[in-house]
Structure formats: C-alpha cells, structure tokens
Participant: 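Provided herewith is a single structure, encoded as structure tokens, for subsequent inquiry.
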There are 2 protein chains.
Amino acid sequence: MSTNTGVPATTGQTTQRGDAGALYQLPGHLIRRCHQISVALFFEECAAFDITPQQYAVLRVLAANDGVDQITLAGLAAFNRTTAGEIVERMEGAGLVGRRNSKLDRRMKNIFITETGRRLLADANAAVRRVQERLLTPLARDERARFIEYLARIASENNELSRAPLRPLARGRGRERTSGTA
Amino acid sequence: MSTNTGVPATTGQTTQRGDAGALYQLPGHLIRRCHQISVALFFEECAAFDITPQQYAVLRVLAANDGVDQITLAGLAAFNRTTAGEIVERMEGAGLVGRRNSKLDRRMKNIFITETGRRLLADANAAVRRVQERLLTPLARDERARFIEYLARIASENNELSRAPLRPLARGRGRERTSGTA
DNA sequence: AACTGACGATCAGTATACTGATTAACGGAC
DNA sequence: GTCCGTTAATCAGTATACTGATCGTCAGTT
C-alpha cells in the first residue's frame, strides 16, 4: 500500500538553482495533474462510447432536467456558456441530444436528451463508476470520503470565484416539456 | 466556518427522474470544478503579469533546469509534447524564454529563461502563493495538509495513467548550458 | 558505410475553456 | 405603446490538451 512510484510526491527538497520541487507541491499544480489523470481514465474506460467527460455530464444533467435552455444547462454542469453551446452542437450531431426553439421565449433553445443519449448514459454509468474507483485507488476507504468532502467543500465555498460557477435550477424555472412523449 | 453557500455539496438526495445530484459528488467532476476555480484565482491574482498557469510552470521549471529540450520540459511540467511546443512558442514571442538549436543533437531545441522571464517569475511568486491560500480557505489548517497529501498521492501513484505523465530529469541528462553567462 | 529502430520537433485535426462583442427578443417603466 | 436594461444565443479570437502522422536526426547493429 501507498508505495511511492518514484515520482517526487512529497519531497521537501530544494533543487540546485531555483526551486521547481515546490511547484510539485502547489495544490493548483496537483489539481491539474489529478484532472488530467481523471480525464485519461475516463477516455480509457469509456473508449467504446465515443464520449467526453463533459458530454457525459450533459447527459446526466438532462436525464434529471430535460428541456432546459443552454445557459441553464451550462449552469447545471458548471460550463462556460459558449463552451456549452459547442458541446451541445457536437452532441446534436452525434444524435445524443435534440434542440428545439422555445415557444415561451423565442430567444431560448431547449435541449432534450434522445433515446440514443439515454441508452448511452445507462451503458456508460458502470464505466464512470470504475473511473472514480481507479482514481481513488491510492487512498484508503476513510481517506476517500474525506478527500471527496474536501473537494466538495472547496468547490462549493469557492463557487462564485469560478468563471463558470454551478447554478442550481431555481424551482419551477425553465424545463419545457417534450411535446409528445413525457 | 464551513458555511454551505447554497450549492448542493454533499446532499445525498436523488432528483425526480434520473440523478444529476450524484454527478456533483463524483471526484472527477469535483476535481474539474476545483481546477476551474484554481485557474480563475490564478488569472485574478496574476492579471498584472499577463501569464497563464502553464506559462508560470514553465518559468518555474526552467529556473531550476535551464536549457532543457522541449520534450524534457514537457515531462518536467506534465504537459503534452505538442502543447509544450505551443506554450514555449507563445512565451518566446512574449520574450519570456529563448530557443536555440542544440549543437550536441540537431533534433533538439534547448529552451532558456530570459532575464524578463526571471524577473516576471520573481514578481509572480507572491501572487501564486495567494492563489493557493485562497483556494484552500474552506479547509482548516490540518485539513489543508491532508488534502495536499491526498492530491500528491493520487497524482504520484496514478502518474503512469496520465496521458502527460510527470517525467523527472534523469541525473546528468539534457541541460545544455547557456553559452556565455553561467 | 548502409540499415534500422527510436526519438525531437512539428503539423493537421479535434475538443474544451474562456473573453468580449453582437443580435434578437423579453419585460417592466413611463 | 414606446423606451431601455437584461438576457439567450452566437461569433471571433485566444489558450490548453490531446491523437496520429511526418520529417529529420541519432545511435547501435551488421
């Protein structure tokens, strides 16, 4: 357990001139590397589904909040508004979601998950669970819970500092129903 | 302390149909949001320096390992090789680093930090310290140490799973000296 | 000295993550 | 009923993060 694989993880040593060693201890740098690992694991586990972590998040958000507009979707997934539009456009091309002009507000486009999208989401869930397990393998069980709690607290309390904050759905807002199905 | 700012951080509740709530508990999603916050704080604190987190990392790596080639630099900063080339190119344009063809190996280009780069690094260090402090504000002192240790362990033990792993400098490798100075 | 496998840099192509501006539509004040 | 501040979507532009291919070079084998 907890074998160090050779990469300087917690050495406090200073290098010759300058000090790149301390770079490896900065939370910002470590979070970036953990993010890269998380994304790599996602692509490895979800290779069969031809989907990105962000697209998975969109499916997940739509499964619970079908028919929201793009800005609301961006808020629910913590995406930049422009990025959200691009992601949705690619997903529409892949047949995972559909877009319809709102009748209540002609500025809005409501996004709906398709049957294909719903099936893909169901199939991908197990793979995504494996991503989380593999990512947290280096931590003991009680450490994992603490780690997630720390991340959640940092994300939640610093939410407004983000350039793409999480915006929970105000009860009763958005949410245009799909015409026939529902 | 630890006041929840309204964003669902650790609710275990299930939403109507589907379950987007659990998305907000996935380490992968939380790490992504923490990364966005970290980057946002960096840009806010370093606005005066017109620099990105990645460019700061390059300066930091070069200050300790001046004269390495691009691939080695990518390894030391945990960048993709192509991305590293682009970042270095922009930094060359900004006068922060210089590039010279290696005389020992005509495939290589050695990267050197400039005086401008060195001065910018010295000026930016305090701002970067503030970024880390603000990022970790939601955690108590002992929690911060644990959090960093968890991140370091995950990054270190999963290093080879990353598509851009950290590659420490093999002692005595690379490192072409600048001709006149040193 | 020619051959070959490995490697550094680069290119083309795709996806994410933003900023700032623009356009069209909404909605309340007057 | 028109004006005006706000907002959803989009566009142009920039930076990061990759993959897979190519090109020139290197280094060890024969």
Participant: Atom CZ of A/Arg99 to atom C1' of D/dA8: distance rounded to whole Å?
Facilitator: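 It is 12 Å, rounded to the nearest whole Å.
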Participant: Using a cut-off of strictly less than 4.0 Å between a heavy atom of the residue and any atom of DNA chain D, enumerate the qualifying residues of residues 41-53 of chain A by number.
Facilitator: none
Participant: Are B/Leu23 and A/Leu166 linked, directly or through intermediate hydrophobic residues, by side-chain heavy-atom contacts shorter than 4.5 Å (ILVMFWY only)?
Facilitator: yes
Participant: How many Å lie between NZ on A/Lys109 and C1' on D/dT10, as a whole number?
Facilitator: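 About 8 Å, once rounded to whole Å.
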Participant: Could you check how far CG of A/Leu76 sits from P of D/dA8, rounded to whole Å?
Facilitator: 13 Å
Participant: Applying side chain to side chain contact (heavy atoms under 4.5 Å, CB included), can you list everything that pairs with B/Arg106, at least two apart in sequence or on another chain?
Facilitator: none
Participant: Starting from B/Ile71, walk the hydrophobic network (Ile, Leu, Val, Met, Phe, Trp, Tyr; side-chain heavy atoms closer than 4.5 Å) and list everyone else you reach, by chain and number.
Facilitator: none
Participant: Identify, with sequence neighbours excluded, every residue that meets side chain to side chain donor-acceptor pair (under 3.5 Å) alongside B/Arg129.
Facilitator: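 Once residues adjacent in sequence are excluded, B/Arg129 has no partner under the side chain to side chain donor-acceptor pair (under 3.5 Å) criterion.
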Participant: Do the side-chain N or O atoms of B/Gln55 get closer than 4.0 angstrom to the phosphate oxygens (OP1, OP2) of D/dA15?
Facilitator: no
Participant: If the test is side chain to side chain contact (heavy atoms under 4.5 Å, CB included), which one of B/Asn65, B/Val88, B/Thr72 qualifies with B/Ile111?
Facilitator: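 When side chain to side chain contact (heavy atoms under 4.5 Å, CB included) is applied between B/Ile111 and each of B/Asn65, B/Val88, B/Thr72, only B/Val88 qualifies.
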Participant: Whole Å only: how far is the CD atom of A/Glu89 from the P atom of C/dA15?
Facilitator: 11 Å
Participant: Only counting residues at least two apart or in another chain, list the ones meeting side chain to side chain donor-acceptor pair (under 3.5 Å) with B/Arg81.
Facilitator: none
Participant: What's the closest nucleotide to the side chain of A/Arg90 if the choices are C/dA9, D/dA9, C/dT16?
Facilitator: C/dT16
Participant: From OH of B/Tyr56 over to C1' of D/dT16, roughly how many Å is that when rounded to an integer?
Facilitator: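 Taking OH of B/Tyr56 and C1' of D/dT16, I get 19 Å after rounding.
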Participant: Go through residues 123-133 of chain A and report each residue with a non-hydrogen atom lying under 4.0 Å from DNA chain D, sorted by number.
Facilitator: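 Per residue number, the list is empty: none.
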Participant: Return the set of residues passing side chain to side chain donor-acceptor pair (under 3.5 Å) with A/Arg163 (not counting sequence neighbours), or none when no residue passes.
Facilitator: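 Not a single residue meets the side chain to side chain donor-acceptor pair (under 3.5 Å) criterion with A/Arg163.
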Participant: Does B/Ala47 have any side chain to side chain contact (heavy atoms under 4.5 Å, CB included) partners at least two apart in sequence or in another chain, and if so, which?
Facilitator: none
Participant: Under the side chain to side chain donor-acceptor pair (under 3.5 Å) rule, what pairs show up with a residue in residues 82-98 of chain B, not counting sequence neighbours?
Facilitator: B/Glu92-B/Arg99
Participant: Restricting to side chain to side chain contact (heavy atoms under 4.5 Å, CB included), what partner residues turn up for A/Asp142, sequence neighbours left out?
Facilitator: A/Ala140, A/Arg146
Participant: For the pair made of CG in A/Asp105 and P in D/dA9, what is the distance, rounded to whole Å?
Facilitator: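 My rounded result for the distance is 8 Å.
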Participant: By the ring-ring contact (aromatic ring centres under 6.0 Å, His included) test, which pairs, at least two apart or in different chains, include something from residues 35-69 of chain A?
Facilitator: A/His35-B/His35
Participant: Using a 4.0 Å heavy-atom cut-off to protein, can you give one letter per nucleotide of nucleotides 17-24 of chain D, 5' to 3': B if the base is in contact, S if only the sugar-phosphate is, - if neither?
Facilitator: BBBBB--B
Participant: Measure the distance from CG on A/Asp69 to P on D/dT10 and round it to the nearest whole Å.
Facilitator: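 A/Asp69 atom CG is separated from D/dT10 atom P by 11 Å.
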Participant: Check the distance between C/dT23's C1' and A/Gln70's CD and give it to me in whole angstrom.
Facilitator: 15 Å
